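First up is the structure itself, then whatever we jot down about it.
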Amino acid sequence: MGRARKLFGTRAVTAVSAAVSIALVAGCSSGDGGGGGSEDGKTTITMGLFGVMGLKETGLLEQYMKENPDVRIEAEVAGDEQTYYTALQTRLAAGSGLKDIQGIEIGRAKELADTQADKFADLSGVPGIDHFLPWKQSQVTTGDGKVIGLGTDIGPMAVCYRKDMFEKAGLPTDRDEVAKLWEGDWKKYVEVGRDFKDGFEGDGVAYMDSASGLFNAMIYGASEQFYNAEGELIHQDNPVIKDAWKLASEAATDGLTAKLRQFQPGWDPGLANGTFATAVCPAWMLAHISEKAGPGNKGKWDVARAPKGANWGGSFLGVMESSPVKKEAEKLVAWLTAPEQQEHIFKEIGNFPSSEKALESPAVTGAKSEYFDDAPIGEIFGAAAKEIPDEQVLGRKDGTIKDTFSQGLQLVEQGKSPDEAWKTTDERVRKAVD
C-alpha cells in the first residue's frame with residue numbers, strides 16, 4: 001500500500017512520507033547504505049522496502065529478531081514506489097549501495113526478471129516455498145526458471161461505495177444487492193453511475209473517483225494487457241485495452257468521475273469530504289480509505305463484489321546475489337512470506353495473501369471489516385482472487401505504461417477528446433519503451 005503503491009499497486013502510504021530510513025535495532029549499519037554483514041556475533045541484514053508492505057508495520061521484523069537473537073534487521077522504507085525504484089535502478093547499474101533484500105513492485109517485476117536477473121539470488125531452491133498461487137510466482141520467474149523473488153501480497157479487486165449516497169440516489173444499499181446491479185459487466189457499473197447521477201440530489205458529488213480506476217479494473221482481469229507472451233507491445237490492438245479506454249472515456253465525458261487520480265493530490269481529501277460515491281478498490285486499498293476517510297465516515301463505506309475478478313497490485317521480496325549474508329537473507333525472506341506471516345499481515349492491515357495456504361485459513365476466509373460496516377472482506381476478496389486468470393502476462397515497462405494511460409484518461413477528464421487523448425497516450429507509451 002501496493003500503499004504509495006500504486007503504480008500497480010503502489011502502497012499509498014499511511015505512516016510513511018517520501019523516504020524514511022528506519023533502523024529497527026540500534027547497532028552497526030552499513031556505511032554506504034548497502035548490504036549488511038557480521039559483527040559482534042550478530043548478522044545484520046539490510047532491507048529496502050516501499051510503501052506499506054506490512055513487514056515493519058505489523059511487528060514481523062521485531063518478531064524475527066526476537067526469535068533469532070543473533071540477527072539484526074535494518075529496513076529503509078520509501079513512501080513512494082517511483083522514488084524507490086529510481087534509486088534501485090541506480091544502485092543496480094552501479095553495483096553498489098544495494099540492500100541484502102530489495103522489495104519488487106509487480107509493475108517492475110518483468111523488467112527486473114528480464115534485465116537484472118543476474119543481480120538477484122535464485123530462490124527456486126529455497127525450502128518450503130510451494131504454497132504460492134501459481135500465477136504469482138510466475139511473475140518473477142525468468143525464462144530459464146530462475147526465481148528472483150518471493151511473493152508478499154496480491155490485489156484482488158472489489159468496489160468500495162458510500163451507502164448513504166446510494167440511498168440518497170434511490171439505489172440499493174445492501175452489498176449483495178449492489179453487486180447484482182453490475183454483476184458480470186463493467187458496462188453495468190457505468191450504467192449504475194448514470195442512474196446515480198440522475199437520482200442524487202447534491203452538489204459536487206461524483207459517482208466514481210477516477211476514470212483510470214475503472215480502466216485498471218477492466219484490464220487487470222485479462223491474461224494480456226500491454227504486452228503479449230512474446231514480449232511484444234500490443235496495447236494499440238489489444239481489444240481489452242481498447243474496450244477499457246472506451247468505457248472509461250465514456251464515464252469521464254458523461255461527468256461520472258470526480259477527475260481525481262487515485263493516490264494523487266486531491267484524492268485523500270475527496271475520501272474525507274465525500275466528493276465521490278464509489279472507488280474500485282483492491283484489498284490493500286481498504287486500510288488507506290479507512291485512514292483518509294476518517295472515523296467520521298466509519299460505517300458509511302461498504303464493499304461489494306466487482307463485476308469481474310481482477311488483480312491490481314502486489315509485490316515481492318528479492319535477495320541480492322552480491323549480499324554478504326545471502327543465505328541468512330534467503331531464510332528471512334522465506335519466513336516473511338510464509339503462510340503464517342501473510343495471514344498475520346492480512347489480519348493487521350488487510351494486505352491480501354498470495355499464499356494459497358493462507359487464503360484457505362479461517363482467519364482470512366472469515367475476516368470482516370468493522371470500518372466498512374462489517375463487510376466480509378475475506379469472502380469478497382477471496383472470491384475475486386479465484387477469478388484471476390492463471391496466467392497474467394507482464395511486460396518490461398508495465399508500470400510506466402499504466403501510469404501513462406492514467407495520465408491520458410485524466411486528459412479526457414479535463415476536456416480533451418478521447419481520440420486525441422489516445423493519440424497522445426500512444427505517442428508517450430512508445431517513447432517510454434524505446
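Hydrogens, waters and symmetry mates are skipped; everything else that's a heavy atom, side chains included, is used. Computed from a predicted structure; not experimentally measured.
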Could you tell me whether Asp426 and Arg430 make a salt bridge, using a distance below 4.0 angstrom between a side-chain N and a carboxylate O?
yes
Have Gln262 and Asp209 got a donor and an acceptor in their side chains that come within less than 3.5 Å?
yes
Atom CD in Glu420, atom NZ in Lys423: separation rounded to 0.5 Å?
6.0 Å
Set out, in order, the CA-CA distance, both residues' side-chain angles and the distance that settles side-chain contact (heavy atoms from CB on, under 4.5 Å) for Leu233 and Tyr227, then state yes or no.
CA-CA 5 Å; Leu233 196 64; Tyr227 291 83; 3.9 Å; yes
Would you say the side-chain atoms of Thr152 pair up with the backbone N or O of Ser315, donor to acceptor, closer than 3.5 Å?
yes
Taking the basic N atoms (NZ, or NE/NH1/NH2) and the acidic carboxylate oxygens, is any pair closer than 4.0 Å for Glu81 and Arg108?
yes
Do Lys99 and Ser323 touch side chain to side chain, with heavy atoms closer than 4.5 Å?
no
Does any part of the side chain of Arg396, heavy atoms only, come nearer than 4.5 Å to the side chain of Val433, both counted from C-beta?
no
Which atom pairs, donor and acceptor, lie under 3.5 Å between side-chain atoms of residues 181-188 and protein residues at least two apart or in another chain?
residue, atom, partner, partner atom, Å
Trp182, NE1, Arg305, O, 2.9
Asp185, OD1, Lys187, N, 2.9
Lys188, NZ, Glu183, O, 3.2

Do Thr86 and Gln82 have side-chain atoms, one donor and one acceptor, less than 3.5 Å apart?
yes
One should read off an interatomic distance between Leu55 CG and Leu336 CG, to the nearest 0.5 angstrom, of 5.5 Å
Check: Ser355 main-chain N/O paired with Gln342 side-chain donor or acceptor under 3.5 Å
yes
With distance as the sole test, does Asp80 use its side chain to make a donor-acceptor pair with the main-chain N or O of Thr83 at under 3.5 Å?
yes
Answer yes or no: is there a side-chain heavy-atom contact under 4.5 Å between Arg162 and Asp302?
no
Heavy-atom closest pair, residues Asp398 and Val393:
OD2-O, 4.3 Å
Between atom CG of Asp434 and atom NZ of Lys397, what is the distance when rounded to the nearest 0.5 Å?
10.5 Å
Contacts table for residues 119-127: side-chain donor-acceptor under 3.5 angstrom, sequence neighbours left out:
residue, atom, partner, partner atom, Å
Lys119, NZ, Leu92, O, 2.8
Lys119, NZ, Gln116, OE1, 3.3
Asp122, OD1, Ser124, N, 3.0
Asp122, OD1, Ser124, OG, 2.9
Asp122, OD1, Val147, N, 3.1
Asp122, OD2, Ser124, OG, 3.2

Have Glu291 and Tyr371 got a donor and an acceptor in their side chains that come within less than 3.5 Å?
no
Can you check whether Val192's main-chain N or O pairs, donor with acceptor, with Lys197's side chain at less than 3.5 Å?
no
Taking NZ in Lys146 as the centre, count heavy atoms belonging to other residues, nucleotides or ligands within less than 6.0 Å. Is the count above 12?
yes
Any donor-acceptor N/O pair, Glu413 side chain to Ala211 backbone, under 3.5 Å
yes
Without swapping roles, check the side chain of Asn311 against the backbone of Gly313 for a donor-acceptor pair under 3.5 Å.
yes
Lys259 atom NZ, neighbour heavy-atom count above 12 within 6.0 Å
no
Is the number of heavy atoms from other residues, nucleotides or ligands within 6.0 Å of CD (Glu250) greater than 12?
yes
Nearest-0.5 Å distance, CD1 of residue Ile349 to NE2 of residue His288
13.0 Å
Looking at Ala358, is its backbone amide N or carbonyl O close enough to the side chain of Ser361 to form a donor-acceptor pair, meaning the two atoms are under 3.5 Å apart?
yes
Asp373 and Lys163 ion-paired at < 4.0 Å:
yes
State, with a plain yes or no, whether a side-chain heavy atom of Ile154 is found less than 4.5 Å away from one of Trp135.
yes
Centroid-centroid distance, Trp245 to His235, less than 6.0 Å:
no
Distance only, no hydrogens: is a donor on one side chain within 3.5 Å (strictly under) of an acceptor on the other, for Ser212 and Arg261?
no
Is the Phe226-Phe405 ring centre distance short of 6.0 angstrom?
yes
Is there a side-chain contact between Pro353 and Val364, using heavy atoms and a 4.5 Å cut-off?
yes
Of all residues at least two apart in sequence or in a different chain, which pass the ring pair (Phe, Tyr, Trp, His ring centres under 6.0 Å) check with Tyr207?
Tyr189, Phe196
Kindly give the heavy-atom pair with the smallest separation between Leu260 and Ser210, and that separation in Å.
O-CB, 2.7 Å
Is Asp100 salt-bridged to Lys326, cutoff N-O under 4.0 Å?
no
Check: Ile106 and Gln139 side chains under 4.5 Å, non-hydrogen atoms:
yes
So, for Trp284 and Phe263, is the gap between ring centers shorter than 6.0 Å?
yes
Quick one: SG on Cys281 to CD1 on Ile377, what's the gap to the nearest 0.5 Å?
10.0 Å
Aromatic rings Tyr161 and Phe166: how do their planes relate, parallel, tilted or perpendicular, breaks at 30° and 60°?
tilted
Backbone of Tyr220 reached by a side-chain donor or acceptor of Gln392 within 3.5 Å
yes
Here the gap from Thr58 atom OG1 to Ile345 atom CD1, rounded to the nearest 0.5 Å, amounts to 4.5 Å
Hydrogens and angles aside, do Asn228 and Glu232 bring a side-chain donor and acceptor to less than 3.5 Å of each other?
yes
Is the closest side-chain donor-acceptor distance between Thr46 and Glu74 under 3.5 Å?
no
So Gln137 and Ser354, do their side chains get closer than 4.5 Å, heavy atoms only?
no
Between Glu328 and Lys331, is the closest basic N to carboxylate O distance under 4.0 Å?
no
Side-chain donor-acceptor pair present, Lys416, Thr424, cut-off under 3.5 Å:
yes
Backbone of Gly309 reached by a side-chain donor or acceptor of Glu387 within 3.5 Å:
yes
Would Glu76 and Tyr84 satisfy side chain to side chain donor-acceptor pair (under 3.5 Å), going step by step from the backbone distance to the final call?
CA-CA 10 Å; Glu76 184 179 276; Tyr84 166 85; over 6 Å; no
Is any side-chain heavy atom of Leu133 closer than 4.5 Å to a side-chain heavy atom of Leu359?
yes
Could you check whether any side-chain N or O of Asn238 sits under 3.5 Å from a backbone N or O of Ile234, counting only pairs where one atom can act as donor and the other as acceptor?
no
Looking at Phe381, is Lys386 sitting on its ring face, NZ or CZ under 6.0 Å from the six-membered ring centre and within 45 degrees of the normal?
no
Say whether Thr142 and Asp144, considering side chains only, have a donor N or O and an acceptor N or O under 3.5 Å apart.
yes
Apply the test side-chain contact (heavy atoms from CB on, under 4.5 Å) to residues Met320 and Ile101: give CA-CA distance (whole Å), side-chain angles for both, the deciding distance (0.1 Å), then the verdict.
CA-CA 6 Å; Met320 305 316 300; Ile101 297 169; over 6 Å; no
